[in-house]
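Below: one structure, written as structure tokens.
The figures that follow rest on heavy atoms only: side chains count, while hydrogens, waters and symmetry mates do not.
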Amino acid sequence: MAQDAYDDGGAPAALPGTEKAGRFEVRLENFNGPFDLLLSLISKHELNITEIALAKVTDEFIGYIRAFSAAGDSFSLDEASEFLVIAATLLDLKAARLLPSGEVEDEEDIALLEARDLLFARLLQYKAFKEIARQLGTRLAEEAARFPRQVALEPQFAAMMPELTWRMSPSDFAAVAAKALEPREPAPTEVGIGHLHAPAVSVREQADIIGRRLQEQGVLSFRQLTDDADSLLVVVARFLALLEMFRDMVITMDQAAPLGELTVRWSAGEREWSAVSISEEYDRDDQDQAVLPVAEEDAEGGDRERAH
Amino acid sequence: MSEHTEKPPGDAAAAEEPQGPDVDSLPGGVPAAVEAVLLVVEEPVTDLELATALQVPVDKVREALAELKDEYDGYTGQGPDTGPTRRRGIELRNVAGGWRFYTRSEFAAVVGRFVLDGQSARLSQAALETLAVIAYRQPVARSRVSAIRGVNVDSVVRTLVQRGLISDVATDPETGAVLYGTTPLFLERLGIGTVADLPKLSPHLPGLENLQDFDDTTY
Amino acid sequence: MSEHTEKPPGDAAAAEEPQGPDVDSLPGGVPAAVEAVLLVVEEPVTDLELATALQVPVDKVREALAELKDEYDGYTGQGPDTGPTRRRGIELRNVAGGWRFYTRSEFAAVVGRFVLDGQSARLSQAALETLAVIAYRQPVARSRVSAIRGVNVDSVVRTLVQRGLISDVATDPETGAVLYGTTPLFLERLGIGTVADLPKLSPHLPGLENLQDFDDTTY
């Protein structure tokens with residue numbers, strides 16, 4: 001079932017990005033949101049939960065985010081942070097794969113596995129709505145060829161309308177106008193629940209913590225590196241940090257079998273290394289302190305969708 | 001108007017290549033095409049206008065109109081394809097040089113009952129607010145009123161037109177949209193002489209002259 | 001029916017209205033009376049509303065509507081008084097819970113030229129997807145739609161409200177969030193009777209019919 005589900009039946013979202021002249025570009029006309037992007041990545045790799053392609057997708061996704069930062073002013077941080085939400089979930093996924101299988105009595109394991117299921121369920125759902133939306137569009141277009149009758153009443157009937165009782169003074173009327181013309185605040189449609197969310201977790205800080213531990217102890221498993229994490233988000237941040245450290249070639253990672261224990265080894269010896277070097281993609285001091293935005297509601301500002 | 005909308009290709013296409021399929025070949029032929037147009041026109045439409053729109057000789061339109069009129073009256077149907085028809089509740093009449101559908105007078109009582117049902121002597125809050133926006137922003141397109149109020153105002157605008165409080169006063173030269181303004185009846189109800197006598201809006205509102213700024217961008 | 005009017009106290013006008021002749025005895029009978037009313041309606045009208053205006057049992061109205069629909073489609077006319085009829089340019093359709101006359105889609109190119117305000121612009125892909133989520137999940141908070149689509153939907157929702165396709169239908173008792181649902185206009189634009197007539201979502205969601213389970217779990 002899972003495999004079928006990812007068959008992007010007739011609607012492959014074109015991969016929005018292309019490498020061109022060494023610079024990353026996003027074809028905005030094809031781009032309609034992070035899930036879209038994720039779907040396209042997944043269909044490109046024919047992602048299967050148990051396949052290694054997941055790692056590829058994750059890496060590619062991180063590549064996207066990097067490229068976003070590299071592209072500078074072309075992309076708002078809003079967009080990047082929305083991607084980060086997805087990236088974080090993807091990393092949950094990847095992290096879940098790295099945990100020893102069969103040992104799911106650990107609450108964290110379960111949380112991670114659920115995160116994986118959640119993501120795929122969400123993707124499936126999104127895809128379903130995408131398809132339905134296409135059907136609705138066709139239907140609406142067909143219906144637009146029919147015009148309902150919509151003409152003024154014949155005078156004889158218009159004349160039958162009860163005489164209007166009008167008790168309003170010009171100033172009453174002006175008050176109505178003032179109210180109606182007042183620029184409206186965007187409707188406060190939701191009670192703020194930001195305070196309920198876990199605080200933003202800094203990848204840089206987490207990198208600092210696990211970097212020091214690895215320097216001290218040499219070899220640690222991912223489990224050990226995250227056993228003191230008090231939230232899923234910290235686990236995700238630490239995983240991101242590991243990827244960054246791997247890129248910086250200060251650690252090596254080893255996994256004996258898919259879903260087996262991930263062993264992390266400090267490989268930089270006494271070399272000078274600081275978490276500061278890894279941070280740009282995730283910590284944008286100048287713009288936003290939120291490193292891994294936790295909830296969609298955090299997103300602010302205008303609509304980030306690329307209409308059509 | 002909105003970033004989320006695209007011009008329907010139909011508009012442009014219709015303007016550029018008015019060919020369309022040959023109406024004669026469509027089911028129902030010219031009479032059916034004439035019927036369809038008659039269903040949507042506000043004002044009586046002439047045979048010449050119909051012929052132009054349908055791209056058929058005016059004689060054919062005249063023939064179709066005569067046939068339709070008889071059909072609606074219940075007279076005809078002796079052709080090979082059609083039998084006698086029932087007299088309909090709709091009447092096709094030639095008034096002021098043009099053709100238009102009317103309800104048949106026998107049913108005036110029934111139609112009147114229907115029209116009156118649910119009618120009120122008072123304007124709803126929605127209607128009042130829409131009227132206020134139109135009064136202070138006239139001449140104004142419905143889409144703009146809708147943008148200011150944040151809701152669809154189509155049916156309220158129809159109600160206000162029906163009530164004789166507003167009417168279409170102009171056409172937007174660029175978009176072709178109907179622009180609405182208030183009527184003398186409105187001024188009379190409010191007890192003022194001209195639109196210029198409307199009370200000034202309180203100063204905390206953006207000046208009327210600046211309204212363009214926000215409603216073109218914010219909504 | 002219309003939300004823009006308020007019931008007059010006691011419906012006095014309608015009550016005092018003279019009875020008028022029995023529609024059954026008029027030429028054309030109930031079908032013709034139904035036709036006459038349908039010519040003046042501004043939104044789909046229910047069989048019950050028609051029965052009230054005509055003062056006949058609703059069964060008779062339903063019969064007349066079915067007969068008229070067939071007639072306009074060119075199917076019927078085997079009765080003693082009527083022969084087969086021509087397919088007409090007008091279509092009688094049951095949409096959004098009521099009946100209304102529409103032009104037949106074959107004549108869109110011709111008719112479009114006579115419709116002043118034109119059909120509203122097409123919706124963007126983003127707007128369509130948002131509309132789909134709201135249609136199938138209603139009543140639904142914006143945040144939930146946003147979670148399903150993976151992007152912020154504030155401005156698309158505003159556009160859809162402005163176009164009259166959705167409206168706020170309730171408030172979440174717990175969070176106080178506005179809940180959105182589709183409008184009768186949405187049904188009409190889609191040409192369906194009720195939300196239940198929307199195409200089924202399940203074929204697109206293998207094994208995941210019970211979406212509620214997980215989309216309540218926000219992350």
Name the region of [X], side chain, backbone, both or neither, that has any atom closer than 4.5 Å to a heavy atom of chain A.
| X | answer |
| --- | --- |
| B/F114 | neither |
| B/A36 | neither |
| B/L38 | backbone |
| B/I192 | side chain |
| B/L198 | side chain |
| B/L165 | side chain |

Write down the atom of [X], the atom of [Y], and the distance for their closest heavy-atom approach.
| X | Y | result |
| --- | --- | --- |
| B/R100 | A/A152 | NH2-O, 3.6 Å |
| A/P162 | B/A121 | CG-N, 4.2 Å |
| B/L201 | A/A178 | CD2-N, 4.0 Å |
| A/L181 | B/R137 | CD2-CG, 3.9 Å |
| A/A177 | B/A132 | CA-CB, 3.5 Å |
| B/I148 | A/A180 | CG2-O, 3.7 Å |

Hey, which of B/V40, B/V41, B/T103, B/V161 has the most heavy atom pairs under 4.5 Å with chain A?
B/T103

Residue, of B/V115, B/L128, B/V133, that accumulates the most heavy atom pairs under 4.5 Å with chain A
B/L128

What's the spacing between [X] [atom1] and [Y] [atom2] if we round to 0.5 Å?
| X | Y | atom1 | atom2 | result |
| --- | --- | --- | --- | --- |
| B/R122 | A/M168 | CZ | CE | 9.5 Å |
| B/R189 | A/R167 | CZ | CZ | 12.0 Å |
| B/L39 | A/Q150 | CG | CD | 10.5 Å |
| B/E129 | A/K179 | CD | NZ | 4.5 Å |

A quick test of your reading: do over 12 heavy atoms of other residues, nucleotides or ligands sit less than 6.0 Å from CD of B/E43?
no

Would a distance-only check, ignoring hydrogens and angles, find a side-chain to backbone donor-acceptor pair under 3.5 Å from B/Q162 to A/A158?
no

Return the orientation label for the A/F173 and B/Y136 ring planes: parallel under 30°, perpendicular over 60°, tilted otherwise.
parallel

Any heavy-atom pair between the side chains of A/Q156 and B/V111 that's under 4.5 Å?
no

Please identify each residue that fulfils side chain to side chain contact (heavy atoms under 4.5 Å, CB included) with B/T194, with sequence neighbours left out.
B/A196, B/D197

